[in-house]
Asker: 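Shown below is the structure under consideration.
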Amino acid sequence: MTVEVLRYCPAAPNGAQKIKYEIEANNQTLLEVLTAIKTEYDATLSFNSDCRSGVCGSCAMRVNGVEVLACTYKVHDGDTVEPLRNMEVIRDLVVDSDHALAFNKKAHAYGSVSAVTRNVTPEEEKVNELQSACILCASCYSACPVYEVNSDFLGPFALTRSWRYVSDVRESDVSDKIATIQDNGIWDCTLCNECVPVCPVGIAPKQDIVMLRNKSGVMGYMDPSFSANFGGGFGNDGTPDFGDPAF
Ligand code: FES
């Protein structure tokens, strides 16, 4: 079968060039195929991998324009393999995802020092169990059209991680976490859903962003674009206050 790989090529106009490889493959993962190409054809082919079992997130890349984990995706004839989008390509299929993952800190998406120390019940744990399962593959940032045009957007992963802590029953005061996601955060998301199908562990960042919007509304925040047009804010009961009743 034939597989095309977008390779580092400084002489090419955009610094990369598609290289076609003819390979013997039958029901093999992309990671196995890339390893075979590297071993048998071209030792300079660069890509990341570690666990080989869909756990570490290091082998994320795109096939035919869709984000996948190379260690779990089964190769098909004619596949085109490219690095993740919206990140600097270091070489071939290796990208620098540090900028995206740093938003975790910017969004205060971690346990607070004021958090209560106590056991959680199985029911309480289930509330944010999925959000805790992120493997940091950065596929959601690659798929996000908002992050593509605004590199300051906190993005799907950091906001999912924020909801993971905002919804944690041990967090006694989440006002700081909610305040820090108002700018370049929850209201900038277009709810386009692009981040949802590409998550290899089934997290739905869009849904978590909606939950954060609801929580923000209850705490007196509102969509700045809505606020600019209609004034108001939110009343004590969490419903929109439309300001002048004569409006
Ligand atoms: Fe770890 Fe693919 S190598 S997720």
Side-chain angles (χ1 to χ4, degrees), residues 1-8 16 18-19 21 23-105 109-110 128-144 147 155-161 163-164 193-208:
M1 70 171 63
T2 301
V3 173
E4 274 192 326
V5 182
L6 191 65
R7 300 285 313 271
Y8 171 75
K18 282 181 184 165
I19 307 290
Y21 296 97
I23 49 154
E24 293 283 330
N26 182 22
N27 201 33
Q28 286 183 290
T29 66
L30 176 56
L31 184 56
E32 288 170 328
V33 166
L34 293 173
T35 303
I37 293 172
K38 189 177 179 71
T39 306
E40 296 166 24
Y41 297 101
D42 186 349
T44 67
L45 176 62
S46 300
F47 52 92
N48 277 335
S49 70
D50 193 356
C51 71
R52 294 174 176 260
S53 54
V55 174
C56 74
S58 65
C59 68
M61 52 191 72
R62 288 184 303 142
V63 175
N64 307 328
V66 178
E67 289 74 11
V68 300
L69 294 181
C71 66
T72 58
Y73 175 81
K74 293 289 178 65
V75 172
H76 301 89
D77 186 31
D79 277 349
T80 297
V81 186
E82 299 170 285
L84 293 181
R85 294 190 319 137
N86 304 335
M87 284 159 246
E88 182 190 349
V89 176
I90 297 173
R91 190 179 179 99
D92 295 339
L93 303 169
V94 180
V95 298
D96 181 359
S97 58
D98 286 358
H99 180 77
L101 299 182
F103 286 132
N104 208 22
K105 188 175 177 186
Y110 42 74
N128 49 34
E129 191 176 33
L130 184 58
Q131 289 81 355
S132 302
C134 173
I135 59 173
L136 299 175
C137 67
S139 291
C140 55
Y141 282 87
S142 174
C144 178
Y147 186 60
F157 159 66
L159 292 172
T160 270
R161 197 73 178 167
W163 177 245
R164 180 255 174 269
N193 208 51
E194 295 289 333
C195 56
V196 177
V198 302
C199 178
V201 295
I203 295 171
K206 172 185 147 184
Q207 184 61 37
D208 298 329

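Please read these numbers as outputs of a predicted model, since none were measured by experiment. For ligands, and for the atoms within them, numbers begin at 1 and follow the listed sequence.
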Asker: Could you pull out the N/O/S protein atoms under 2.8 Å of atom 2 (Fe) of ligand 1, ignoring any water?
Answerer: Cys59 SG, Cys71 SG
Asker: Any donor and acceptor pair, going by atom type alone, linking the side chain of Ser132 with main-chain N or O of Asn128 inside 3.5 Å?
Answerer: yes
Asker: Quick one: does Phe47's side chain get under 4.5 Å of Asp92's, heavy atoms only?
Answerer: no
Asker: Any non-hydrogen side-chain atom of Tyr73 less than 4.5 Å from a side-chain atom of Asp79?
Answerer: yes
Asker: Under 4.5 Å between any side-chain heavy atoms of Leu69 and Cys137, yes or no?
Answerer: yes
Asker: Does a side-chain heavy-atom distance below 4.5 Å link Val89 with Leu6?
Answerer: no
Asker: Applying side-chain contact (heavy atoms from CB on, under 4.5 Å), name anything that partners Ile19, two or more places apart in sequence or on another chain.
Answerer: Arg7, Gln17, Tyr21
